[in-house]
Amino acid sequence: MIFGAPRLAALAGRTCHAARHLQQAVNASTQAPQMIKVSAAGEKKNVALIELHRPKALNALCAQLMDELTATLKQLDQDKSVGAIVLTGNERVFAAGADIAEMEGKTFAPIFAERFAQKWMDITKTRKPIIAAVNGFCLGGGCEVAMMCDIIYAGENAHFGQPEIKIGTIPGAGGTQRLPRFVGKSVAMEMCLTGERINAYEAQQAGLASKVFPSTKVVLEAIKLGERIAENSPLLVQMVKESVNAAYEMTLSSGLQFERRLFHSTFATKDRKEGMKAFVEKRVPQWKGE
């Protein structure tokens with residue numbers, strides 16, 4: 001499609017506005033994030049890119065980082081200019097795990113009372129799709145956070161693992177629960193009982209990662225995927241995410257009924273009417289999110 005000069009200027013204006021709006025939303029928090037970086041990505045700046053940023057600690061997931069991450073995701077979930085979210089680290093590491101130095105001195109009573117890692121589950125409450133773009137080490141809590149995302153793209157140098165058993169504990173944020181749902185019981189048992197890692201291609205073969213890309217391109221490919229998702233109705237995108245996630249919590253018969261009810265409910269939306277009308281008229285639909 002070729003745009004004239006006025007159309008290009010309007011598009012550029014909307015793009016800059018979206019980028020400024022996203023940054024303002026992030027800066028509106030009580031304290032600007034220090035351990036994550038947030039930016040607007042993609043041609044239309046409608047994909048939020050979150051970069052974990054504790055390079056000296058290999059992006060170890062301390063309380064402050066996780067507080068910043070969950071708070072930012074909550075803000076982005078309310079931002080209508082954001083169609084999808086990409087979560088990444090750097091080319092060396094996604095996240096090497098929870099912060100062991102922060103946990104080492106803890107005892108049972110306080111760690112139980114504070115419900116350690118419970119707040120991490122807020123990631124899964126995000127209604128917009130989250131794509132994990134994983135390079136390097138994705139271990140322990142890092143692997144668990146990646147599994148909380150909706151899609152995992154892996155760089156060729158990525159390594160996934162649950163090494164908690166090597167330091168005298170077990171996974172505590174979904175490693176023994178989500179991992180079998182991705183890779184099956186046998187692979188999950190082997191990973192959790194030995195603490196050994198699997199590489200990017202093994203992760204893809206097992207069903208943990210969707211696709212594998214060169215390490216220098218995985219974030220860009222994740223952003224492109226986010227852009228393709230953002231082309232669809234934001235309301236219907238949320239419905240699809242809710243329905244797919246429900247499959248892990250229900251029997252097949254209950255899940256099919258849940259899916260049918262959501263399908264039926266789309267006929268009460270303006271976007272369903274617009275989507276089918278645009279298809280019949282052979283044009284691009286104009287989504288309203290209603």
Side-chain angles (χ1 to χ4, degrees), residues 22 25-39 48-79 82 84-90 92-152 158 160-164 167 169-179 182 208 219 222 245:
L22 174 58
V26 172
N27 292 339
S29 59
T30 55
Q31 183 177 356
Q34 298 176 327
M35 295 186 177
I36 62 173
K37 294 181 178 180
V38 187
S39 58
L49 176 63
I50 303 176
E51 301 172 78
L52 305 179
H53 189 62
R54 286 190 76 197
K56 293 182 179 179
L58 297 179
N59 289 342
L61 304 175
C62 64
Q64 180 181 339
L65 186 153
M66 294 306 297
D67 285 346
E68 291 179 0
L69 176 59
T70 53
T72 298
L73 286 172
K74 186 174 182 179
Q75 292 169 4
L76 295 174
D77 219 18
Q78 302 301 316
D79 190 336
V82 176
I85 301 165
V86 172
L87 177 63
T88 192
N90 54 55
R92 183 185 179 193
V93 61
F94 178 79
D99 193 327
I100 305 303
E102 190 175 70
M103 292 191 297
E104 192 271 332
K106 291 183 179 292
T107 58
F108 169 75
I111 205 166
F112 179 80
E114 70 187 36
R115 303 177 73 187
F116 182 79
Q118 179 67 32
K119 189 175 181 62
W120 295 26
M121 301 304 116
D122 287 353
I123 296 172
T124 65
K125 298 177 183 177
T126 307
R127 301 187 71 185
K128 293 179 180 177
I130 307 175
I131 305 153
V134 177
N135 267 319
F137 299 116
C138 184
L139 308 175
C143 188
E144 290 169 317
V145 166
M147 289 189 290
M148 292 179 199
C149 298
D150 302 297
I151 300 168
I152 298 176
F160 300 84
Q162 298 291 161
E164 288 87 349
I167 59 169
T169 187
I170 70 169
T176 66
Q177 301 302 304
R178 288 193 177 91
L179 189 59
F182 280 101
L208 181 58
V219 174
N245 283 334

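Annotation: salt bridge (Lys or Arg N to Asp or Glu O under 4.0 Å) contacts involving residues 103-112, sequence neighbours excluded, comprise Lys106-Glu114.
Summarising the geometry, atom SG belonging to Cys149 is positioned 9.0 Å from atom CD1 belonging to Ile131; distances are rounded to the nearest 0.5 Å. Atom CE of Met147 sits about 9.5 Å away from atom CZ of Phe160, to the nearest 0.5 Å. Put simply, CG on Leu73 and CZ on Arg127 are 14.5 Å apart, with the number rounded to the nearest 0.5 Å. Expressed to the nearest 0.5 Å, how far OG1 of Thr70 lies from NZ of Lys125 amounts to 10.0 Å. Atom CD1 of Ile123 and atom CG of Leu87 lie 7.0 Å apart (nearest 0.5 Å). The CD atom of Gln78 lies 10.0 Å from the OG1 atom of Thr126; values are rounded to the nearest 0.5 Å.
In this structure, the side chain to side chain contact (heavy atoms under 4.5 Å, CB included) partners of Ile100, at least two apart in sequence or on a different chain, are Met103, Ile167. For the side chain to side chain contact (heavy atoms under 4.5 Å, CB included) test, residues two or more places apart in sequence or in another chain that qualify with Lys37 are Glu51, His53. In this view, Lys119 and Asp122 satisfy the salt bridge (Lys or Arg N to Asp or Glu O under 4.0 Å) rule, not counting sequence neighbours. Taking Glu144 as the reference, nothing meets the side-chain hydrogen bond (donor to acceptor under 3.5 Å, both in side chains) condition, with sequence neighbours excluded. Residues satisfying the side chain to side chain contact (heavy atoms under 4.5 Å, CB included) test with Asn245, not counting sequence neighbours, are Asp150, Lys241. Looking at residues two or more places apart in sequence or on another chain, you find a side chain to side chain contact (heavy atoms under 4.5 Å, CB included) between Gln118 and Arg115, Met121.
Among all heavy-atom pairs drawn from Ala173 and Trp120, the shortest one is CB-CE3, 3.7 Å. Taking all atoms of both residues into account, the shortest heavy-atom contact from Ala146 to Cys138 is CB-SG, 3.8 Å. Considering all non-hydrogen atoms of both residues, Pro163 and Gly140 come closest at CD-N, 3.4 Å.
Proximity of Ile50 to Ile85: side-chain heavy atoms (C-beta onward) are separated by under 4.5 Å at one or more points. Two residues are said to be in side-chain contact when any heavy atoms from C-beta on lie closer than 4.5 Å; Leu139 and Gln162 fail this criterion. In this structure, Val134 and Ile152 have side chains that are in contact, with non-hydrogen atoms separated by less than 4.5 Å.
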*In sequence, state the C-alpha distance, the side-chain angles, and the governing distance for Ile36 and Thr72, and then conclude on side chain to side chain contact (heavy atoms under 4.5 Å, CB included).*
CA-CA 9 Å; Ile36 62 173; Thr72 298; 3.3 Å; yes
*asked:* What verdict does the side chain to side chain contact (heavy atoms under 4.5 Å, CB included) test give for Val93 and Asn135, after you've listed the backbone C-alpha separation in whole Å, the side-chain angles of each residue and the deciding distance to 0.1 Å?
replied: CA-CA 6 Å; Val93 61; Asn135 267 319; over 6 Å; no
*Val145/Met66 under side chain to side chain contact (heavy atoms under 4.5 Å, CB included): CA gap, chis, key distance, verdict*: CA-CA 10 Å; Val145 166; Met66 294 306 297; 4.2 Å; yes
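Using modelled atom types, no side-chain atom of Thr124 and backbone atom of Met148 make a donor-acceptor pair closer than 3.5 Å. Between the side chain of Lys128 and the backbone N or O of Val82, at least one donor-acceptor pair lies under 3.5 Å.
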Pair up each side-chain donor or acceptor in residues 56-64 with any protein partner under 3.5 Å, not counting sequence neighbours, and list the distances.
unit_1 : atom_1 : unit_2 : atom_2 : d
Asn59  : OD1    : Arg54  : N      : 2.7
Asn59  : ND2    : Leu52  : O      : 3.4
Asn59  : ND2    : Phe94  : O      : 3.0
Gln64  : NE2    : Gln34  : OE1    : 2.9
Gln64  : NE2    : Glu68  : OE2    : 3.0

